[in-house]
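The block underneath contains the structure these notes are about, expressed in structure tokens.
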Number of protein chains: 2
Amino acid sequence: MFIIGELINGMYQNIAKALKEKNKAVIQECALEQVKAGADALDVNCGPGSRDPVSDMQWLVETIQEVTDKPLALDSSKPKVIEAGLKALKHKGVINSTTADPEKLEILVPLAKSYAAKLIGLCISSKGIPQNKDQRMDLAATIVAYCSEQRFPIEDLYLDPIVMPVNVAQAQMKDILESIREFKIISDPSPKTIVGLSNVSQGTCARSLVNRTFVTMAVAQGLDGAILDPKDTDLMDALITAELILNKQIYCDKYLDAYRKK
Amino acid sequence: MFIIGELINGMYQNIAKALKEKNKAVIQECALEQVKAGADALDVNCGPGSRDPVSDMQWLVETIQEVTDKPLALDSSKPKVIEAGLKALKHKGVINSTTADPEKLEILVPLAKSYAAKLIGLCISSKGIPQNKDQRMDLAATIVAYCSEQRFPIEDLYLDPIVMPVNVAQAQMKDILESIREFKIISDPSPKTIVGLSNVSQGTCARSLVNRTFVTMAVAQGLDGAILDPKDTDLMDALITAELILNKQIYCDKYLDAYRKK
């Protein structure tokens, strides 16, 4: 499971403040805590309040790289911000994200290829959020087809079915879970799959429970990655146990500790 | 989700003692606690120490029926013990269980039919425990074929893929989960699926976590029922949330309470 820690995001007040004050310690501590909790990579998002996201992204990337070599997922809807992050990266990173819109794919797929970055492809377009599995499959196929044409390695593509909050789109949850399974058969080699997890519990009263239940169900459908809060111990315990059940971790009595120490 | 409470079982010391002393209060309290926790039915097993399981089964059934109308799952490897339970039942019950062996099917399928009972079919035979998905599918198909021939209603058949402990059969877990999905396409109408859950965590150091993670993954594959400890609140919370995600419970902020009060 490719776990991307979600906590370095300017939508959180502590990060927005640190970014404004250029307080490296706050950012670096947040990075190290997530790595310690089991994150394989760290999302980096300047947030909606950033006045100069190009320079903020560059500063965040440089700041985080002073304390960890983990891959960074450059999270912005603006290709220029992503490119600024890519230029500052010391290691192979992740572009978070392209949509299925041609104007996004045409910029971001070549960028991902030239920087040898992984690419998250959101199954969404300027026409709106998909409303069923067929629409998700169509959007996924559009992204896979473009990547194939451009000879972008499909095993570095992570398709995101777009997870909706369970309290507003309950009837779509089953489709979202099945999309994760069916994305894998769009091409050979298969694209990978990922979810931005926290959205599923937005506005609910049992956020951690909803998050960990949904992600466990998604892992059962073959999910390869998730953007989440790795400091949620119950969530990580569930994920590690799901991986154990799928024989992706070797069983030992202390398998939870063993995973976190790996 | 058809939840069968597992706690009235003579393998537990309190139940064995109550059975020996014919202490109704202990049995009835255990029944009511499980119903309160969300059990839809109650397993009834005399345990390995019973000297007269035919009479003990009859006593247990009568004792439990004094306090609840929930269906009872008559749990024995001996058809005579099951028949004693069936004769004492006031309501439609569950036979737990037949194997895929002809000598079991020939007795238990007609019994289930004549008592209009649900039937749990274990995907196991006298040749041993299945070692992979193909063997599970073969055993499932044998049971479904026999039930169809005998005109037993397939929607009352619950196939159990045989859940092994994750610490001894880790490589089989994925096959077990996929069997749950594939059993559904053996016939139309589909057979239902069930697991004896607690076995998955036997001998592990994080039993509740392993149980709830496995059952959540199984629900994602279409699981219809489980025999489990309904007094494990974390387990029931996970199950209820998985049902919510599959749109089988209506969302409300207090959906956990709402489910338990239903």
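Below, chains carry the letters A, B, ... as their sequence lines are ordered, and counting in each starts from 1.
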As a test of understanding, state which of B:Thr98, B:Thr142, B:Leu119 forms a side-chain contact (heavy atoms from CB on, under 4.5 Å) with B:Cys147.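 The residue from B:Thr98, B:Thr142, B:Leu119 that satisfies side-chain contact (heavy atoms from CB on, under 4.5 Å) with B:Cys147 turns out to be B:Leu119.
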Take B:Leu177 and B:Phe214 through the side-chain contact (heavy atoms from CB on, under 4.5 Å) test and state the conclusion after the steps. CA-CA 9 Å; B:Leu177 288 166; B:Phe214 182 83; 3.9 Å; yes
Best-contacting candidate, [options], against chain B by heavy atom pairs under 4.5 angstrom:
options                      : result
A:Glu178, A:Gln221, A:Arg212 : A:Gln221
A:Val210, A:Thr213, A:Val200 : A:Thr213
A:Leu246, A:Leu209, A:Asp253 : A:Leu209

Could you tell me which non-hydrogen atom of A:Ala31 sits nearest to which non-hydrogen atom of A:Leu42, and how far apart they are? CB-CD1, 3.6 Å
Per-residue contact mode, B:Ile245 against chain A (heavy atom under 4.5 angstrom): both
Pick one of side chain, backbone, both or neither for A:Arg181, based on which atoms fall under 4.5 Å of a heavy atom in chain B.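 The side chain, not the backbone.
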For A:Leu256, is it the side chain, the backbone, both, or neither that has a heavy atom closer than 4.5 Å to a heavy atom of chain B? side chain
Any chance you could lay out the side-chain contact (heavy atoms from CB on, under 4.5 Å) test for A:Gln202 and A:Val166, step after step, and finish with the verdict? CA-CA 8 Å; A:Gln202 197 78 44; A:Val166 68; over 6 Å; no
Does a side-chain heavy-atom distance below 4.5 Å link A:Ile250 with A:Tyr255?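 Heavy-atom side-chain distance check fails, nothing below 4.5 Å.
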Let me know which of A:Lys192, A:Lys118, A:Lys92 forms a side chain to side chain donor-acceptor pair (under 3.5 Å) with A:Asp156. A:Lys92
With chain A, the option among B:Lys174, B:Gln170, B:Lys254 that has the most non-hydrogen atom pairs under 4.5 Å is B:Gln170
